[in-house]
Amino acid sequence: MEIIPFFSIILFLSSPKNPFLDHTHTHHSGKLEISFMEFGATSRKKNKMVNGNQKFRTEITALVVDDDTTNRTIHRRLLQNLGIENQEVRNGKEAIDIHSSGRNFDLILMDMDMPIMNGIEATKQLRAMGIRSTIVGVSTRSMEEKVQEFMEAGLDDYQEKPLTSAKLISILHKMNHNGSV
Amino acid sequence: MDGVVQLQRQLVDYTASLFHEGFLDEQFNQLQQLQDENNPDFVVEVVSLFFEDSERLLNELAKALEQQSVDFKRIDAHVHQLKGSSSSIGAQRVQKACIAFRNYCDEQNTEGCLKCLQQVKHEYSLMKTKLETLFKLQRRVLAAGGSIPKPI
(Lines give C-alpha, C1' and ligand atoms only; values in the text may rest on other atoms or scores of the structure.)
Protein backbone atom coordinates (compact mmCIF):
# COMPACT_ATOMS: atom_id res chain seq x y z
CA MET A 1 0.00 0.00 0.00
CA GLU A 2 1.14 3.49 -0.80
CA ILE A 3 2.12 5.71 2.05
CA ILE A 4 0.74 9.11 1.19
CA PRO A 5 2.70 11.95 2.79
CA PHE A 6 1.24 12.39 6.23
CA PHE A 7 1.13 16.16 6.24
CA SER A 8 -0.80 16.48 3.02
CA ILE A 9 -3.50 14.21 4.39
CA ILE A 10 -3.92 16.38 7.46
CA LEU A 11 -4.25 19.52 5.37
CA PHE A 12 -6.66 17.83 3.05
CA LEU A 13 -8.82 16.48 5.82
CA SER A 14 -8.96 19.78 7.65
CA SER A 15 -9.89 21.87 4.64
CA PRO A 16 -13.49 23.07 4.76
CA LYS A 17 -14.14 21.86 1.23
CA ASN A 18 -12.97 18.37 1.97
CA PRO A 19 -15.25 16.11 -0.05
CA PHE A 20 -14.69 13.29 2.39
CA LEU A 21 -16.78 15.21 4.85
CA ASP A 22 -19.56 15.24 2.30
CA HIS A 23 -22.12 12.55 2.81
CA THR A 24 -22.44 11.76 -0.87
CA HIS A 25 -19.02 10.13 -0.84
CA THR A 26 -18.81 6.62 0.49
CA HIS A 27 -18.16 6.67 4.17
CA HIS A 28 -15.08 4.53 4.13
CA SER A 29 -13.02 6.64 1.76
CA GLY A 30 -12.52 9.48 4.25
CA LYS A 31 -11.62 7.08 6.97
CA LEU A 32 -9.22 5.18 4.75
CA GLU A 33 -7.07 8.30 4.79
CA ILE A 34 -7.22 8.35 8.57
CA SER A 35 -5.53 4.95 8.58
CA PHE A 36 -2.29 6.65 7.62
CA MET A 37 -2.47 8.66 10.78
CA GLU A 38 -2.11 5.49 12.69
CA PHE A 39 0.29 5.24 15.49
CA GLY A 40 2.97 2.66 15.11
CA ALA A 41 3.45 -0.44 13.04
CA THR A 42 1.24 -2.62 15.21
CA SER A 43 -1.71 -0.35 14.60
CA ARG A 44 -1.06 -0.36 10.90
CA LYS A 45 -1.10 -4.12 10.86
CA LYS A 46 -4.33 -4.21 12.79
CA ASN A 47 -6.12 -1.73 10.57
CA LYS A 48 -7.49 -3.50 7.57
CA MET A 49 -8.15 -1.72 4.33
CA VAL A 50 -11.78 -2.40 3.68
CA ASN A 51 -13.95 -2.23 0.64
CA GLY A 52 -17.52 -1.25 0.16
CA ASN A 53 -19.56 -0.03 3.08
CA GLN A 54 -17.84 -1.99 5.79
CA LYS A 55 -17.43 0.25 8.79
CA PHE A 56 -13.85 1.40 9.20
CA ARG A 57 -12.38 1.31 12.70
CA THR A 58 -9.18 2.67 14.08
CA GLU A 59 -7.56 1.29 17.20
CA ILE A 60 -7.79 4.54 19.15
CA THR A 61 -10.20 4.73 22.05
CA ALA A 62 -11.48 7.93 23.60
CA LEU A 63 -13.34 9.10 26.68
CA VAL A 64 -15.61 12.17 26.62
CA VAL A 65 -15.87 13.91 29.99
CA ASP A 66 -18.54 16.64 30.01
CA ASP A 67 -21.56 17.49 32.16
CA ASP A 68 -23.60 18.76 29.20
CA THR A 69 -25.66 16.23 27.22
CA THR A 70 -25.62 18.25 24.01
CA ASN A 71 -21.83 18.56 24.07
CA ARG A 72 -21.29 14.91 24.89
CA THR A 73 -23.49 13.88 21.97
CA ILE A 74 -21.66 16.12 19.52
CA HIS A 75 -18.19 15.14 20.71
CA ARG A 76 -19.04 11.45 20.54
CA ARG A 77 -20.39 11.83 17.01
CA LEU A 78 -17.24 13.69 15.95
CA LEU A 79 -15.15 10.83 17.34
CA GLN A 80 -17.36 8.20 15.79
CA ASN A 81 -17.10 9.98 12.45
CA LEU A 82 -13.33 9.51 12.60
CA GLY A 83 -13.73 5.85 13.47
CA ILE A 84 -12.75 6.30 17.12
CA GLU A 85 -14.42 4.01 19.62
CA ASN A 86 -15.60 6.15 22.51
CA GLN A 87 -17.40 6.32 25.84
CA GLU A 88 -18.79 9.13 27.93
CA VAL A 89 -18.94 10.16 31.57
CA ARG A 90 -20.61 13.18 33.11
CA ASN A 91 -18.02 14.66 35.43
CA GLY A 92 -14.47 14.40 36.75
CA LYS A 93 -15.36 11.93 39.47
CA GLU A 94 -16.89 9.49 36.98
CA ALA A 95 -13.74 9.86 34.89
CA ILE A 96 -11.63 8.80 37.87
CA ASP A 97 -13.98 5.93 38.70
CA ILE A 98 -13.92 4.51 35.19
CA HIS A 99 -10.12 4.47 35.28
CA SER A 100 -10.10 2.96 38.76
CA SER A 101 -12.19 0.13 37.38
CA GLY A 102 -9.32 -0.67 35.04
CA ARG A 103 -10.48 0.96 31.80
CA ASN A 104 -7.96 2.91 29.81
CA PHE A 105 -8.24 5.25 26.82
CA ASP A 106 -5.80 6.68 24.31
CA LEU A 107 -7.51 10.05 24.31
CA ILE A 108 -9.52 11.90 26.94
CA LEU A 109 -11.56 14.99 26.01
CA MET A 110 -11.89 16.82 29.32
CA ASP A 111 -14.36 19.65 29.92
CA MET A 112 -13.30 22.20 32.51
CA ASP A 113 -16.44 23.20 34.38
CA MET A 114 -18.31 20.24 35.79
CA PRO A 115 -20.13 19.58 39.07
CA ILE A 116 -18.78 17.20 41.76
CA MET A 117 -15.27 17.28 40.30
CA ASN A 118 -14.09 19.71 37.63
CA GLY A 119 -11.65 19.09 34.78
CA ILE A 120 -8.64 20.62 36.51
CA GLU A 121 -9.00 18.42 39.57
CA ALA A 122 -9.78 15.33 37.49
CA THR A 123 -6.71 15.87 35.30
CA LYS A 124 -4.47 16.24 38.36
CA GLN A 125 -5.84 13.05 39.86
CA LEU A 126 -5.55 11.04 36.66
CA ARG A 127 -1.92 12.06 36.30
CA ALA A 128 -1.29 11.22 39.95
CA MET A 129 -2.79 7.79 39.26
CA GLY A 130 -0.16 7.33 36.58
CA ILE A 131 -2.51 7.71 33.62
CA ARG A 132 -0.41 8.65 30.57
CA SER A 133 -3.27 9.02 28.08
CA THR A 134 -3.46 12.11 25.91
CA ILE A 135 -5.69 14.48 27.84
CA VAL A 136 -7.10 17.40 25.89
CA GLY A 137 -8.89 20.15 27.77
CA VAL A 138 -12.00 21.37 25.95
CA SER A 139 -13.77 24.45 27.25
CA THR A 140 -15.32 27.79 26.41
CA ARG A 141 -13.09 29.50 28.94
CA SER A 142 -10.83 31.89 27.16
CA MET A 143 -9.27 33.59 30.20
CA GLU A 144 -5.55 32.98 30.09
CA GLU A 145 -5.05 32.17 33.76
CA LYS A 146 -7.77 29.53 33.78
CA VAL A 147 -6.37 27.90 30.66
CA GLN A 148 -2.88 28.06 32.17
CA GLU A 149 -4.12 26.43 35.36
CA PHE A 150 -5.81 23.73 33.31
CA MET A 151 -2.66 23.08 31.28
CA GLU A 152 -0.56 22.89 34.42
CA ALA A 153 -2.89 20.25 35.84
CA GLY A 154 -1.42 17.93 33.23
CA LEU A 155 -3.06 18.50 29.87
CA ASP A 156 -1.33 17.59 26.65
CA ASP A 157 -3.37 20.10 24.68
CA TYR A 158 -6.24 22.55 25.00
CA GLN A 159 -8.96 23.29 22.47
CA GLU A 160 -11.62 25.97 22.67
CA LYS A 161 -15.20 24.87 22.29
CA PRO A 162 -17.00 24.28 20.07
CA LEU A 163 -15.11 21.22 18.95
CA THR A 164 -15.00 20.57 15.21
CA SER A 165 -13.71 17.82 12.94
CA ALA A 166 -10.72 20.00 12.08
CA LYS A 167 -9.78 20.51 15.75
CA LEU A 168 -10.12 16.82 16.45
CA ILE A 169 -7.92 15.98 13.48
CA SER A 170 -5.27 18.39 14.72
CA ILE A 171 -5.39 16.64 18.10
CA LEU A 172 -4.87 13.25 16.44
CA HIS A 173 -2.02 14.71 14.40
CA LYS A 174 -0.28 15.90 17.57
CA MET A 175 -0.82 12.51 19.22
CA ASN A 176 0.95 10.79 16.38
CA HIS A 177 3.70 13.37 16.31
CA ASN A 178 4.46 12.88 19.99
CA GLY A 179 4.46 9.14 19.55
CA SER A 180 2.04 8.77 22.45
CA VAL A 181 -0.89 6.41 22.07
CA MET B 1 -48.59 22.34 -5.66
CA ASP B 2 -44.97 22.64 -4.67
CA GLY B 3 -42.49 20.76 -6.80
CA VAL B 4 -39.44 19.27 -5.15
CA VAL B 5 -37.16 21.84 -6.72
CA GLN B 6 -39.26 24.70 -5.40
CA LEU B 7 -39.32 23.19 -1.93
CA GLN B 8 -35.58 22.73 -2.00
CA ARG B 9 -35.08 26.30 -3.05
CA GLN B 10 -37.31 27.42 -0.20
CA LEU B 11 -35.23 25.35 2.18
CA VAL B 12 -31.94 26.72 0.91
CA ASP B 13 -33.23 30.30 1.12
CA TYR B 14 -34.60 29.84 4.60
CA THR B 15 -31.40 28.24 5.84
CA ALA B 16 -29.36 31.06 4.32
CA SER B 17 -31.55 33.65 6.02
CA LEU B 18 -30.92 32.06 9.41
CA PHE B 19 -27.21 32.44 8.86
CA HIS B 20 -27.59 35.98 7.53
CA GLU B 21 -29.63 37.09 10.51
CA GLY B 22 -27.09 35.63 12.91
CA PHE B 23 -29.34 32.94 14.31
CA LEU B 24 -26.95 30.24 13.19
CA ASP B 25 -23.22 30.17 12.67
CA GLU B 26 -20.60 27.87 11.15
CA GLN B 27 -20.95 25.37 13.99
CA PHE B 28 -24.41 24.46 12.68
CA ASN B 29 -22.75 23.47 9.41
CA GLN B 30 -20.46 21.18 11.39
CA LEU B 31 -23.51 19.42 12.78
CA GLN B 32 -25.06 19.02 9.35
CA GLN B 33 -21.85 17.51 8.07
CA LEU B 34 -22.01 14.92 10.84
CA GLN B 35 -25.38 13.76 9.56
CA ASP B 36 -25.20 10.87 7.12
CA GLU B 37 -27.01 7.70 6.11
CA ASN B 38 -25.95 6.01 9.37
CA ASN B 39 -27.00 9.00 11.46
CA PRO B 40 -29.88 10.43 9.43
CA ASP B 41 -31.50 12.39 12.26
CA PHE B 42 -28.39 13.63 13.98
CA VAL B 43 -29.13 17.34 13.76
CA VAL B 44 -32.71 17.04 14.99
CA GLU B 45 -31.57 14.77 17.84
CA VAL B 46 -28.85 17.12 19.02
CA VAL B 47 -31.06 20.18 18.72
CA SER B 48 -33.80 18.40 20.69
CA LEU B 49 -31.31 17.69 23.45
CA PHE B 50 -30.35 21.35 23.36
CA PHE B 51 -33.98 22.41 23.72
CA GLU B 52 -34.49 20.11 26.71
CA ASP B 53 -31.32 21.23 28.46
CA SER B 54 -31.96 24.90 27.76
CA GLU B 55 -35.50 24.87 29.06
CA ARG B 56 -34.33 23.24 32.24
CA LEU B 57 -31.55 25.81 32.66
CA LEU B 58 -33.89 28.74 31.96
CA ASN B 59 -36.27 27.45 34.66
CA GLU B 60 -33.41 27.09 37.11
CA LEU B 61 -32.28 30.63 36.32
CA ALA B 62 -35.73 32.08 36.90
CA LYS B 63 -35.98 30.26 40.24
CA ALA B 64 -32.52 31.34 41.33
CA LEU B 65 -33.27 34.99 40.62
CA GLU B 66 -36.46 34.82 42.69
CA GLN B 67 -34.61 33.82 45.84
CA GLN B 68 -34.28 36.17 48.80
CA SER B 69 -30.56 35.84 48.67
CA VAL B 70 -29.45 35.43 45.07
CA ASP B 71 -26.69 32.90 44.47
CA PHE B 72 -24.76 34.59 41.67
CA LYS B 73 -22.20 31.83 41.48
CA ARG B 74 -24.86 29.28 40.75
CA ILE B 75 -26.51 31.55 38.22
CA ASP B 76 -23.18 32.12 36.53
CA ALA B 77 -22.63 28.37 36.32
CA HIS B 78 -26.00 27.86 34.65
CA VAL B 79 -25.42 30.68 32.16
CA HIS B 80 -21.97 29.33 31.42
CA GLN B 81 -23.48 25.97 30.60
CA LEU B 82 -26.14 27.50 28.38
CA LYS B 83 -23.49 29.55 26.62
CA GLY B 84 -21.46 26.40 26.03
CA SER B 85 -24.24 24.30 24.63
CA SER B 86 -25.63 27.10 22.46
CA SER B 87 -22.19 27.64 20.95
CA SER B 88 -21.91 23.90 20.29
CA ILE B 89 -24.99 23.88 18.10
CA GLY B 90 -24.28 27.22 16.48
CA ALA B 91 -27.03 29.20 18.22
CA GLN B 92 -25.09 32.42 17.92
CA ARG B 93 -27.63 34.93 19.22
CA VAL B 94 -28.42 32.86 22.30
CA GLN B 95 -24.70 32.54 22.96
CA LYS B 96 -24.19 36.30 22.69
CA ALA B 97 -27.09 36.96 25.06
CA CYS B 98 -25.42 34.64 27.58
CA ILE B 99 -22.17 36.55 27.39
CA ALA B 100 -23.96 39.77 28.34
CA PHE B 101 -25.74 37.92 31.14
CA ARG B 102 -22.48 36.81 32.69
CA ASN B 103 -21.24 40.38 32.94
CA TYR B 104 -24.19 41.23 35.16
CA CYS B 105 -23.52 38.13 37.25
CA ASP B 106 -19.98 39.36 37.80
CA GLU B 107 -21.37 42.68 39.02
CA GLN B 108 -23.88 40.83 41.23
CA ASN B 109 -26.58 42.97 39.70
CA THR B 110 -30.01 41.31 40.19
CA GLU B 111 -31.93 43.81 38.07
CA GLY B 112 -29.44 43.47 35.25
CA CYS B 113 -29.59 39.70 35.50
CA LEU B 114 -33.36 39.69 35.33
CA LYS B 115 -33.28 41.80 32.20
CA CYS B 116 -30.68 39.52 30.67
CA LEU B 117 -32.71 36.47 31.49
CA GLN B 118 -35.62 37.99 29.57
CA GLN B 119 -33.30 38.68 26.67
CA VAL B 120 -31.91 35.14 26.66
CA LYS B 121 -35.42 33.69 26.86
CA HIS B 122 -36.47 35.88 23.96
CA GLU B 123 -33.53 34.83 21.79
CA TYR B 124 -33.99 31.21 22.73
CA SER B 125 -37.65 31.23 21.83
CA LEU B 126 -36.98 32.92 18.48
CA MET B 127 -34.26 30.36 17.76
CA LYS B 128 -36.53 27.50 18.67
CA THR B 129 -39.28 28.68 16.36
CA LYS B 130 -36.85 29.20 13.49
CA LEU B 131 -35.27 25.77 13.89
CA GLU B 132 -38.65 24.08 14.12
CA THR B 133 -39.61 25.81 10.87
CA LEU B 134 -36.34 24.67 9.31
CA PHE B 135 -36.92 21.06 10.32
CA LYS B 136 -40.49 21.19 9.03
CA LEU B 137 -39.23 22.43 5.67
CA GLN B 138 -36.64 19.66 5.59
CA ARG B 139 -39.34 17.06 6.26
CA ARG B 140 -41.44 18.45 3.43
CA VAL B 141 -38.49 18.22 1.05
CA LEU B 142 -37.83 14.63 2.09
CA ALA B 143 -41.52 13.70 1.85
CA ALA B 144 -41.59 15.11 -1.69
CA GLY B 145 -38.73 12.77 -2.59
CA GLY B 146 -35.98 15.35 -2.49
CA SER B 147 -32.82 15.40 -0.42
CA ILE B 148 -31.56 18.01 1.97
CA PRO B 149 -28.79 20.03 0.33
CA LYS B 150 -25.54 19.71 2.24
CA PRO B 151 -23.57 22.78 3.24
CA ILE B 152 -20.28 23.19 1.38
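Residue numbering restarts at 1 for every chain, and letters A, B, ... go by the order of the sequence lines.
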Trainee: In Å, rounded to the nearest 0.5 Å, how long is the span from CD1 of A:I74 to CG of B:L34?
Mentor: 8.0 Å
Trainee: Same cluster for B:V43 and B:V12 if Ile/Leu/Val/Met/Phe/Trp/Tyr side chains link at under 4.5 Å?
Mentor: no
Trainee: Would B:V5 end up clustered with B:L137 when hydrophobic side chains under 4.5 Å apart are linked, directly or stepwise?
Mentor: no
Trainee: To the nearest 0.5 Å, tell me how far A:R72 CZ sits from B:S88 OG.
Mentor: 12.0 Å
Trainee: Count the heavy atoms of every other residue, nucleotide or ligand shown that sit under 6.0 Å from CZ of A:R127, and state whether that count exceeds 12.
Mentor: yes
Trainee: Check the hydrophobic clustering (I, L, V, M, F, W, Y; side-chain heavy atoms under 4.5 Å; chains of links allowed) and say if A:V65 and A:I116 are grouped together.
Mentor: no
Trainee: Above 12 or not: heavy atoms from other molecules or residues under 6.0 Å from NZ of A:K167?
Mentor: yes
Trainee: To the nearest 0.5 Å, what is the distance between CG on B:D53 and OG1 on A:T69?
Mentor: 4.0 Å
Trainee: Quick check on B:R102 against chain A: is it the side chain, the backbone, both or neither that has a heavy atom closer than 4.5 Å?
Mentor: side chain
Trainee: Quick one: which of A:D68, A:T70, A:N71 gives a side-chain contact (heavy atoms from CB on, under 4.5 Å) with B:L49?
Mentor: A:T70
Trainee: Within the supplied structure, the quantity of interest is the number of heavy atoms (other residues, nucleotides, ligands) at a distance under 6.0 Å from A:F150 CZ; does it exceed 12?
Mentor: yes
Trainee: When only pairs under 4.5 Å are counted, which of B:Q32, B:Q27, B:E45, B:E52 shares the most heavy-atom pairs with chain A?
Mentor: B:Q27
Trainee: Quick check on B:K128: does its NZ atom have over 12 non-hydrogen neighbours (other residues, nucleotides or ligands) under 6.0 Å away?
Mentor: yes
Trainee: Please check if atom CZ in B:R74 has more than 12 non-hydrogen atoms from other residues, nucleotides or ligands closer than 6.0 Å.
Mentor: no
Trainee: Between A:D66 and chain B, with a heavy-atom cut-off of 4.5 Å, which part of the residue counts as in contact: side chain, backbone, both or neither?
Mentor: neither
Trainee: Under the side-chain contact (heavy atoms from CB on, under 4.5 Å) criterion, do B:Q30 and A:L78 qualify, and how do the steps go?
Mentor: CA-CA 9 Å; B:Q30 276 289 312; A:L78 282 168; 4.2 Å; yes
Trainee: Taking B:S85, B:S48, B:A77 one by one, which has the highest count of heavy-atom pairs under 4.5 Å against chain A?
Mentor: B:S85
Trainee: Can you tell me how far apart CD (A:Q80) and CG (B:N38) are? Round to the nearest 0.5 Å.
Mentor: 7.5 Å
Trainee: Of all heavy-atom pairs between B:H80 and A:D113, which one has the smallest distance, and what is that distance?
Mentor: NE2-OD2, 2.9 Å
Trainee: Do B:L61 and B:I99 share a hydrophobic cluster, counting only Ile, Leu, Val, Met, Phe, Trp and Tyr and linking them when any side-chain heavy atoms are less than 4.5 Å apart?
Mentor: no
Trainee: When you measure from the side chain of A:R77 to the backbone of B:F42, do you find a donor-acceptor pair of N or O atoms at a distance under 3.5 Å?
Mentor: no
Trainee: If I take atom NZ from residue B:K83 and atom OG1 from residue A:T140, how far apart are they, to the nearest 0.5 angstrom?
Mentor: 4.0 Å
